[in-house]
Every structure is written in structure tokens, then in C-alpha cells.
There are 2 protein chains.
Amino acid sequence: MRDLDETDFEILRLLLDDARRPYSDLAEAVDLSPPAVSDRVARLRDVGVIRRFTLDVDRTQLHGGTPVLVDLEVDRATTAVSAVRQALLDSGSVEHVFTTAESHLVFQARVPDSDFAAWLFDVVDEAAIGSYDVTLLSGVDWSPDLGGTEFGLTCVQCGNTVDTEGVSTRIDGDLYQFCCPSCETRFREKYAELKEGAG
Amino acid sequence: MRDLDETDFEILRLLLDDARRPYSDLAEAVDLSPPAVSDRVARLRDVGVIRRFTLDVDRTQLHGGTPVLVDLEVDRATTAVSAVRQALLDSGSVEHVFTTAESHLVFQARVPDSDFAAWLFDVVDEAAIGSYDVTLLSGVDWSPDLGGTEFGLTCVQCGNTVDTEGVSTRIDGDLYQFCCPSCETRFREKYAELKEGAG
DNA sequence: AATGAAAGGATTAAGCC
DNA sequence: GGCTTAATCCTTTCATT
């Protein structure tokens, strides 16, 4: 594997702004040939930096429930948190889910006007929820900038930059980057412990 | 103008899943010709339902600050709220901004590890902020589904479905849909009052 | 909204450094 | 390994009905 370089970031920025921009355009912008750009985009996908090409849709213009922000207090067990998060993401009404360091899930959704609790406990397991708090929203905005992000991949175990020695692995469906095999091993051990302790 | 129909929604769903899918593919999926799909996509853009073609990027894989969720209490003046929101969106470090019905701004950002307050007041006007609250995040997820969204555009003034009589107008840079010209007039009046009262 | 022709972009394969 | 060029194939656009 190779480091991401400034060119990859320039490609990301350009695609973030218009994901349908022709590769030949990108190629010109970053001074490469179209196939070279295509290769880099493919690598960005493989490595999981680009999760998908998609749309920014203005959902306030579409029917379908009241936009709310919800703060959920979840059981501290790792599996409970990720199970609830996954249930929310799969519900079809939830757009964003933020997991806090204290095992809260804050999410934004469009819900039926009446009986929020019925909707919630239809989506997630009531037993896993401590308390919750609902706020009405009047606006939802998204800035698809890369902003202050510097370049380079970070090792999820030690935080170092991932370079040529790097390894990328899928664990339980999620893609993780490591700077070296030993970080991968340590992470897997930590992960297994967490999972066991929680299950 | 014409209503959005089930075909438009099918196109949205398909593009949400892969925004680079060829129009010829979409055409086959919805049983139309490629130019017809192209026209519909152009209309979805014109009307503001599609804000842009973009990427879903896994920012946890990139360097650049600690992910946090912030709850900002802002002056209730409409202009203050939208000015602060715009400043956040333009900062480059803020990804999502939710505006609550009570003039709070809840946003997700990646910020420098130290001195959050310095960062915040570098981005937004300190005078407009009442209080704020910061939470550390361990995960940020997004579900690009259309979910329970039924079809049709909603009038921002009265909530009715926007049909053939509809009008779409840009006010202060934002695109709004109205079911009829009189709703547009009423909205403009309300908007002007709000602006005056706040300024 | 469909058709067909013309223009434009993507992808492949071969070869270079 | 990563790049380029050139050829091929596919997609989009435009004029027309």
C-alpha cells in the first residue's frame, strides 16, 4: 500500500464538490492522465476513504415526518450500542447517528408527528435504552468540505500515519487501517476482549 | 412545474446509492430513455431537491482533529442564527449543523485537541453565543436512505403538496418551494418582518 | 418522452521508467 | 508500482419527431 498524497486529497475535494465530474476533468486539474485518476479513485474506495458516491438531498423539501434530534442514553455494553446504532441506521427514517464517548447516541431523523415513543421502540430494543430526549429541528445542513483534514491515513490502534507497511482489514463488517501488523494484532485482541466483556 | 412522481423517487434512491451510475442504467431501471432520465435529474437539481452530487467520505480515516458534537445556544434573532450557522458551515471543520426550533445550533466538527473555546470564537462571533456544550464523539454514521419519505414537494408556507401551480424561488440564497404565488407573498412578508425585527 | 446521430468520457491493453 | 498513450467501447447530449 501507498500513502495518500496531496493529489489524492485534491481529487477528494473535487469529487466532494461534484461527484459526477468527469475523470478527464479531474485529470487535468491534478495533472495526471484519466486512467491514473481512475486508479486513485479505485484505491480510495478500496481503502474505505470513499464510502460511496452519493447525493446531498434537501430532505426538508420532501414529505415524510417531522425532523427531530434525539439524544439516547444506551446501555454501556459495546454490543448494545452498536446494535442500537445499526437498528437506527437501518430504519429508513434516521439520517445521522453520532456515538458519544459516553455511550449516548445522538441522531437526526424524520418521525411521525404523533407518538414518538411508539416509533422509537418499534425501531430499537426498549430494554437497551435508558432515557431519551427529543428536540424539534428547523434546519439540517451539511458541509461537504474536507476542511482542516491533513493528508494521510491514521492507524486506529496507535494514531500514527499509515504508510507502505500499512494493513487494511475488515473486522465485523467495518474497515480499519493499521500502520503495522502488530497494531492490527493488538487491536484485534482489544476488540475481542471488549466484545466478550459486553456479550 | 410538475409534481415529483414515483419515478423521480426511484431515480433519487438509485443515485443516493451510487451517484455515478450511468443515466442509461437508470433509464433501464425506471423504464425510460436516457435523455428522459437526464431531464428529470436536471429538474431535481433545479428545484433544489438534489443539492449536489458528492461523496460519503469516512473522515475517521483521515487526520485532522478530534470529532465533537457541540450544542450552541444562540441569540434568538433570525439573522444571528443564520449568520452563525453560515460561519460554521464555512469554517471547513464543521460537517453537520442542526438548527433546533429553540434557536440552538447543534453541530458536529473536528476540532484541535486543545483550547476549544479559542477555536470556536475564531469561527463564530462570540457576542451571538449564549452558552455552549461540547461532547466527545467516538463515531459518526450516515444512512443515505430516502426511507419513509413520501413523494411530493411541500410548500414551506402552508405545508401543502406543491403541484403544477407551484413556484420555486431563491430568497437570500436559499431555495424555497411554494404551492401558489399567494403563499410565496405571505412567506416573503413574514420573512421580511422577521429580518427587520431581528436586525 | 423517444429516437438517432454526433460529441464526449471511461476503460482497457501495451509499453515506459 | 505507478504512470502514459492510443484504441475501443460506452454514455451523454442535441436536434428532431
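All heavy atoms count here, side chains included; hydrogens, waters and symmetry mates do not. In the text below, chain A, chain B and the rest are named by the order of the sequence lines, each starting its count at 1.
- Here the nucleotide nearest the side chain of A/Y23, chosen from C/dA10, D/dT13, D/dT4, is C/dA10.
- Listed nucleotides: D/dT4, C/dA2, C/dA10. Nearest to the side chain of B/A36: C/dA2.
- A/V49 places none of its side-chain heavy atoms less than 4.5 Å from the side chain of A/D8.
- A/R40 and A/D5 are joined by a salt bridge, as a carboxylate oxygen and a charged side-chain nitrogen come within less than 4.0 angstrom of each other.
- Rounded to an integer number of Å, the gap from B/R40 CZ to C/dA2 P is 9 Å.
- One can place CG of A/L32 at 18 Å from P of C/dC17, the figure rounded to the nearest angstrom.
- Residues B/L15 and B/V41 meet the side-chain proximity criterion, which asks for heavy atoms closer than 4.5 Å.
- Computed from coordinates, the B/I11 CD1 to D/dT12 P distance equals 12 Å when rounded to whole Å.
- Using bins of under 30°, 30° to 60° and over 60° for the plane-to-plane angle, the ring pair B/F98/B/H96 lands in the parallel bin.
- Nucleic acid contact class of B/P22 (heavy atoms, under 4.0 Å, all strands): sugar-phosphate only.
- The separation between B/D39 atom CG and C/dA2 atom P is 10 Å, rounded to whole Å.
- Put simply, A/R20 has a side-chain N or O that comes within less than 4.0 Å of OP1 or OP2 on D/dT12.
- Dashed line: the shortest gap from a side-chain N or O of A/S38 to OP1 or OP2 of C/dT11 is under 4.0 Å.
- Between the CD atom of A/E28 and the P atom of D/dT4 there is a distance of 13 Å, rounded to whole Å.
- Taking only side-chain atoms of A/S24, from C-beta outward, the nucleotide of D/dT12, C/dA10, C/dT12 with the closest atom is C/dA10.
- Salt bridge present: B/D17 and A/R52 bring a charged side-chain N and a carboxylate O closer than 4.0 Å.
- In this structure, B/L26 places its CG atom 12 Å from C1' of D/dT11, rounding to the nearest Å.
- When the nearest nucleotides of DNA chain C are assigned to A/D25 and A/P35 by heavy-atom distance, the more 5′-ward of the two goes with A/D25.
- Residue contacts for B/S33: at a heavy-atom cut-off of 4.0 Å it reaches a base atom on one of the strands shown.
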